[in-house]
K.L.:
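A single structure is presented below for examination.
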Amino acid sequence: FNREILENYLHLPIMVQKYIPEISDGDRRIILFDGDYVGSVARIPKNGSLKANFHAGGKAEKTGLVYRDSEIVSKVGPKLKERNLFFVGIDVIGNYLTEINVTSPTGIREIRLNDSINIEEIFWDFIENKLNFETYATEDGTMVYGNDYIKLINLSKYRKISLENQYSLQEHLQDVS
């Protein structure tokens with residue numbers, strides 16, 4: 001402990017987290033869409049490290065909701081939804097919620113690779129449901145009707161609408177607006 005170093009930083013904002021011994025077994029990144037649980041992954045620290053983050057060398061392992069995870073999700077999820085926080089990753093060590101990540105939650109790829117859950121597909125299903133987006137197909141398969149251009153772009157990536165049909169739908173949307 002170097003008191004002089006500490007005193008040099010005391011005028012700055014400092015975030016402190018109590019040491020939770022269960023970190024030696026890793027933490028869990030739990031992904032929520034619109035407040036609902038959609039998947040999770042365990043992040044296991046490298047030998048000799050306490051950092052479980054993927055960018056710090058943590059290893060991904062399959063996990064579900066364990067310990068108090070379900071209770072935490074049931075309490076935090078509705079609060080996130082109330083605040084319109086649609087895509088969130090929460091971190092849990094042992095029985096403790098330690099972080100709520102709202103700007104760029106990671107773990108989707110690791111969940112897909114370890115648990116065969118297509119989080120990306122679930123994401124777009126949630127988006128479509130949230131926007132109450134309805135589409136119709138003509139007999140020739142052309143997609144018609146939609147509310148705005150951004151939905152067209154998102155839908156085209158998700159549903160793999162052909163370029164020809166994208167332009168047809170885009171023209172239709174412009175005619176209606």
Side-chain angles (χ1 to χ4, degrees), residues 13-133 135 143 148-163 166:
I14 298 174
M15 183 186 306
V16 179
Q17 177 178 317
K18 179 181 177 181
Y19 174 74
I20 303 170
E22 291 88 347
I23 189 58
S24 60
D25 297 326
D27 71 355
R28 292 171 308 287
R29 166 59 55 89
I30 299 171
I31 300 294
L32 305 170
F33 292 159
D34 210 20
D36 293 330
Y37 170 78
V38 292
S40 52
V41 62
R43 301 183 303 182
I44 312 301
K46 291 191 302 189
N47 284 340
S49 177
L50 297 177
K51 296 179 182 177
N53 305 53
F54 296 131
H55 73 275
K59 182 179 78 166
E61 287 187 5
K62 179 179 177 175
T63 189
L65 296 178
V66 296
Y67 307 112
R68 291 184 48 233
D69 294 351
S70 293
E71 178 187 348
I72 291 168
V73 166
S74 69
K75 288 183 179 180
V76 171
K79 298 292 185 192
L80 297 171
K81 186 173 183 164
E82 281 174 24
R83 290 169 175 78
N84 291 316
L85 295 170
F86 182 78
F87 177 24
V88 176
I90 62 173
D91 296 342
V92 179
I93 301 173
N95 282 320
Y96 301 98
L97 174 64
T98 58
E99 289 183 42
I100 299 176
N101 302 277
V102 298
T103 56
S104 59
T106 60
I108 288 179
R109 179 179 51 204
E110 291 78 9
I111 292 169
R112 181 175 23 87
L113 294 173
N114 285 283
D115 211 5
S116 300
I117 297 173
N118 190 336
I119 297 288
E120 297 90 335
E121 186 173 339
I122 295 169
F123 176 84
W124 289 115
D125 285 343
F126 267 81
I127 290 287
E128 285 180 348
N129 288 334
K130 186 154 182 79
L131 297 174
N132 196 21
F133 185 69
T135 59
M143 302 299 287
D148 60 33
Y149 182 72
I150 195 70
K151 291 178 191 171
L152 164 68
I153 299 303
N154 290 339
L155 187 65
S156 67
K157 289 178 183 175
Y158 178 55
R159 298 289 187 208
K160 297 186 176 79
I161 297 173
S162 72
L163 274 177
Q166 279 185 36

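Sequence positions, counted from 1, serve as the residue numbers for this chain.
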K.L.:
Counting neighbours of CZ on Phe86 that are heavy atoms of other residues, nucleotides or ligands and sit closer than 6.0 Å, is the number greater than 12?
P.N.:
yes
K.L.:
So, does Asn101 use its side chain to make a donor-acceptor pair with the main chain of Gly89 at under 3.5 Å?
P.N.:
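Judged by distance alone, yes, a pair lies under 3.5 Å.
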K.L.:
Applying side-chain contact (heavy atoms from CB on, under 4.5 Å), run through Glu99 and Asp27 and close with a yes or a no.
P.N.:
CA-CA 11 Å; Glu99 289 183 42; Asp27 71 355; over 6 Å; no
K.L.:
Would you say that Val41 contacts Asp115 through its side chain, given a criterion of any heavy-atom pair below 4.5 Å between the two side chains?
P.N.:
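Answer no - side chains too far apart.
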K.L.:
Report yes if some heavy atom in the side chain of Arg28 is under 4.5 Å from a heavy atom in the side chain of Tyr67; otherwise report no.
P.N.:
yes
K.L.:
Do His55 and Thr106 touch side chain to side chain, with heavy atoms closer than 4.5 Å?
P.N.:
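Result no, sub-4.5 Å side-chain heavy-atom pair not found.
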K.L.:
Would you check if Arg112 and Ile119 make a side-chain contact, meaning some heavy-atom pair closer than 4.5 Å?
P.N.:
no
K.L.:
Does the side chain of Pro45 come within less than 4.5 Å of Leu50's, by heavy atoms?
P.N.:
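Heavy-atom side-chain distance check fails, nothing below 4.5 Å.
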K.L.:
Hey, are the side chains of Phe33 and Asp36 touching, using non-hydrogen atoms and a 4.5 Å cut-off?
P.N.:
no
K.L.:
How many angstroms lie between CD1 in Ile108 and CG in Leu113, if you round to the nearest 0.5 Å?
P.N.:
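If I round to the nearest 0.5 Å, the distance is 12.0 Å.
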K.L.:
Check whether any side-chain heavy atom of Ile100 sits under 4.5 Å from a side-chain heavy atom of Lys79, and report yes or no.
P.N.:
no
K.L.:
For Glu110, is there any backbone N or O sitting under 3.5 Å from a side-chain donor or acceptor partner on Asn114?
P.N.:
yes
